[in-house]
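All figures in this text were calculated on a predicted structure; none of them were measured in a lab.
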Amino acid sequence: MFKKVMTVAVLASSLTACKSTPPPAEVQLTNIPSVSYKMPLDQSIDISFNAYNTCVSSGDSGCVKYDSIKTAESSGDFLVEKRVHNGTIGSGAVYTIKQSTERTADANIVTYQPVKMTPYQQGFILPFAVPSIDIAAYLKNSQFKTKFEINSEYPSQSVKANFDRLMKKVHGRFRIYGSNSKLGLEDYYMTTVDGAKVVMLVESFPYRNGSKVVVNAIIETKKSNKNVIDVAEILKSVKAKVAEVTNA
């Protein structure tokens with residue numbers, strides 16, 4: 001399963017490269033609920049969690065404070081580092097999350113269980129406060145990609161017109177997790193299904209007496225009260241929505 005992964009050595013170096021104040025004690029996360037993803041058996045899906053490094057405060061000499069999240073894997077655990085820094089030193093918290101997979105009759109259930117938080121502070125003079133994050137909410141907010149095809153009895157021009165009429169266009173505001181890429185092309189469309197935001201590149205081609213519609217979709221799950229994200233059901237709803245628009 002893919003996540004925006006950095007090597008464990010990089011995370012470790014962020015904890016030891018600079019002189020640090022005595023860190024607060026490691027915290028065991030005994031009351032944090034797990035988050036599970038119900039994955040289809042017949043399709044390989046890569047889940048990606050949000051990672052970024054954003055300037056949140058600038059001075060005369062440039063950015064003086066960054067807010068960032070990085071992820072990594074270590075010995076089967078998933079690590080999430082929430083950090084504030086000035087470009088060199090900073091403070092942060094590394095969350096250790098146990099991963100497990102259970103195969104059922106109709107799905108693979110991938111579960112993320114936060115187990116501990118390790119805080120740190122770098123620098124002796126006015127170090128940044130250790131930042132906090134709602135780690136359960138973070139684990140519910142993810143992206144995954146899918147590709148599928150649908151045959152239509154209508155010509156490709158009619159299919160294109162249907163999408164232009166019935167779906168919103170994307171105008172560069174949607175960011176792909178793990179990159180600075182933003183979408184703004186003519187054939188990208190946006191919709192919402194089962195509480196998830198869906199951005200699709202839709203292409204249609206003449207095929208037999210109608211057309212073939214090829215969809216590359218990025219699906220972003222949103223924070224909710226649900227601790228199980230049914231990816232299989234979301235994919236089913238996305239395909240049904242595309243079929244509805246295609247044949248409208």
Side-chain angles (χ1 to χ4, degrees), residues 1-4 35-54 69 71 107-108 110 137-226 228-248:
M1 190 178 263
F2 173 85
K3 305 171 188 68
K4 181 170 179 58
V35 177
S36 296
Y37 284 80
K38 187 176 181 180
M39 313 295 286
L41 292 174
D42 60 350
Q43 186 175 355
S44 177
I45 301 294
D46 293 332
I47 299 291
S48 179
F49 293 97
N50 200 4
Y52 57 83
N53 186 43
T54 303
I69 289 182
T71 64
N108 284 320
V110 181
Y138 172 82
L139 292 170
K140 297 175 187 178
N141 194 185
S142 65
Q143 282 184 355
F144 56 93
K145 300 177 182 179
T146 187
K147 180 179 180 179
F148 59 91
E149 299 178 355
I150 291 178
N151 293 335
S152 173
E153 63 183 90
Y154 300 107
S156 58
Q157 298 93 328
S158 296
V159 171
K160 166 68 173 169
N162 284 350
F163 278 90
D164 288 345
R165 178 170 54 90
L166 298 173
M167 280 197 174
K168 294 180 180 179
K169 291 288 187 71
V170 176
H171 297 292
R173 293 184 297 272
F174 188 88
R175 185 175 68 85
I176 302 172
Y177 283 2
S179 78
N180 292 320
S181 298
K182 293 185 178 181
L183 304 178
L185 300 180
E186 174 69 15
D187 294 319
Y188 278 97
Y189 302 90
M190 179 180 290
T191 189
T192 301
V193 295
D194 298 341
K197 182 185 291 184
V198 184
V199 169
M200 298 177 286
L201 171 61
V202 180
E203 300 173 286
S204 57
F205 308 94
Y207 181 71
R208 295 182 178 175
N209 294 323
S211 61
K212 181 178 290 292
V213 181
V214 180
V215 177
N216 284 275
I218 300 173
I219 301 167
E220 181 178 313
T221 63
K222 307 301 292 182
K223 299 173 185 176
S224 70
N225 295 326
K226 297 179 180 179
V228 178
I229 291 98
D230 194 335
V231 174
E233 189 61 30
I234 292 172
L235 290 174
K236 181 179 177 181
S237 296
V238 171
K239 292 177 181 179
K241 181 68 174 180
V242 170
E244 177 186 345
V245 174
T246 298
N247 296 306

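- When atom types are taken as modelled, the side chain of Thr221 and the backbone of Lys140 share a donor-acceptor pair closer than 3.5 angstrom.
- Atoms NZ and OG1, from Lys197 and Thr192 in turn, are 7.0 Å apart once rounded to the nearest 0.5 Å.
- Of all non-hydrogen atoms in Ser152 and Asn247, the two that sit nearest each other are OG-OD1, 3.4 Å.
- The CD atom of Gln143 lies 10.0 Å from the CD1 atom of Ile219; values are rounded to the nearest 0.5 Å.
- We find the CD-CG distance between Gln43 and Leu235 to be 5.5 Å, quoted to the nearest 0.5 Å.
- A distance-only check finds no donor-acceptor pair linking the side chain of Asn108 to the backbone of Met39 [under 3.5 Å].
- A distance of 7.5 Å separates NZ in Lys241 from CG in Leu166, rounded to the nearest 0.5 Å.
- Ring geometry for Phe49 against Tyr37 counts as perpendicular: the plane angle is over 60°, on a 0 to 90° scale with 30° as the lower cut.
- When every heavy atom of Ile150 is checked against every heavy atom of Ala243, the shortest pair comes out as CD1-N, 3.7 Å.
- For the atom pair OG1 (Thr54) and CD1 (Ile69), the distance works out to 9.5 Å, reported to the nearest 0.5 Å.
- Among Ile218, Asn216, Thr191, the single residue meeting the side chain to side chain contact (heavy atoms under 4.5 Å, CB included) criterion with Met200 is Thr191.
- Taking 4.5 Å as the limit, every side-chain heavy atom of Val198 sits out of range of all side-chain heavy atoms of Tyr189.
- In terms of modelled atom types and a separation under 3.5 Å, the side chain of Tyr154 and the main chain of Ala248 share no donor-acceptor contact.
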Would you sort out whether Lys145 and Asp46 count as a side-chain contact (heavy atoms from CB on, under 4.5 Å), showing the intermediate values? CA-CA 7 Å; Lys145 300 177 182 179; Asp46 293 332; over 6 Å; no
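- Distance CG/Asp194 to CD1/Ile229: 12.0 Å, rounded to 0.5 Å.
- Within a 6.0 Å radius of CZ in Arg165, other residues, nucleotides and ligands contribute more than 12 heavy atoms.
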Take Lys169 and Tyr188 through the side-chain contact (heavy atoms from CB on, under 4.5 Å) test and state the conclusion after the steps. CA-CA 6 Å; Lys169 291 288 187 71; Tyr188 278 97; over 6 Å; no
Mind running side-chain contact (heavy atoms from CB on, under 4.5 Å) on Val202 and Val245 for me, showing each step along the way? CA-CA 11 Å; Val202 180; Val245 174; over 6 Å; no
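- Among Val214, Val215, Val213, the one residue that satisfies the side chain to side chain contact (heavy atoms under 4.5 Å, CB included) test with Glu149 is Val214.
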Would Asn151 and Lys212 count as a side-chain contact (heavy atoms from CB on, under 4.5 Å) here? Give the steps. CA-CA 5 Å; Asn151 293 335; Lys212 181 178 290 292; 2.8 Å; yes
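- Between Lys160 and Ser204, the shortest heavy-atom distance links the atoms N-OG, 4.4 Å.
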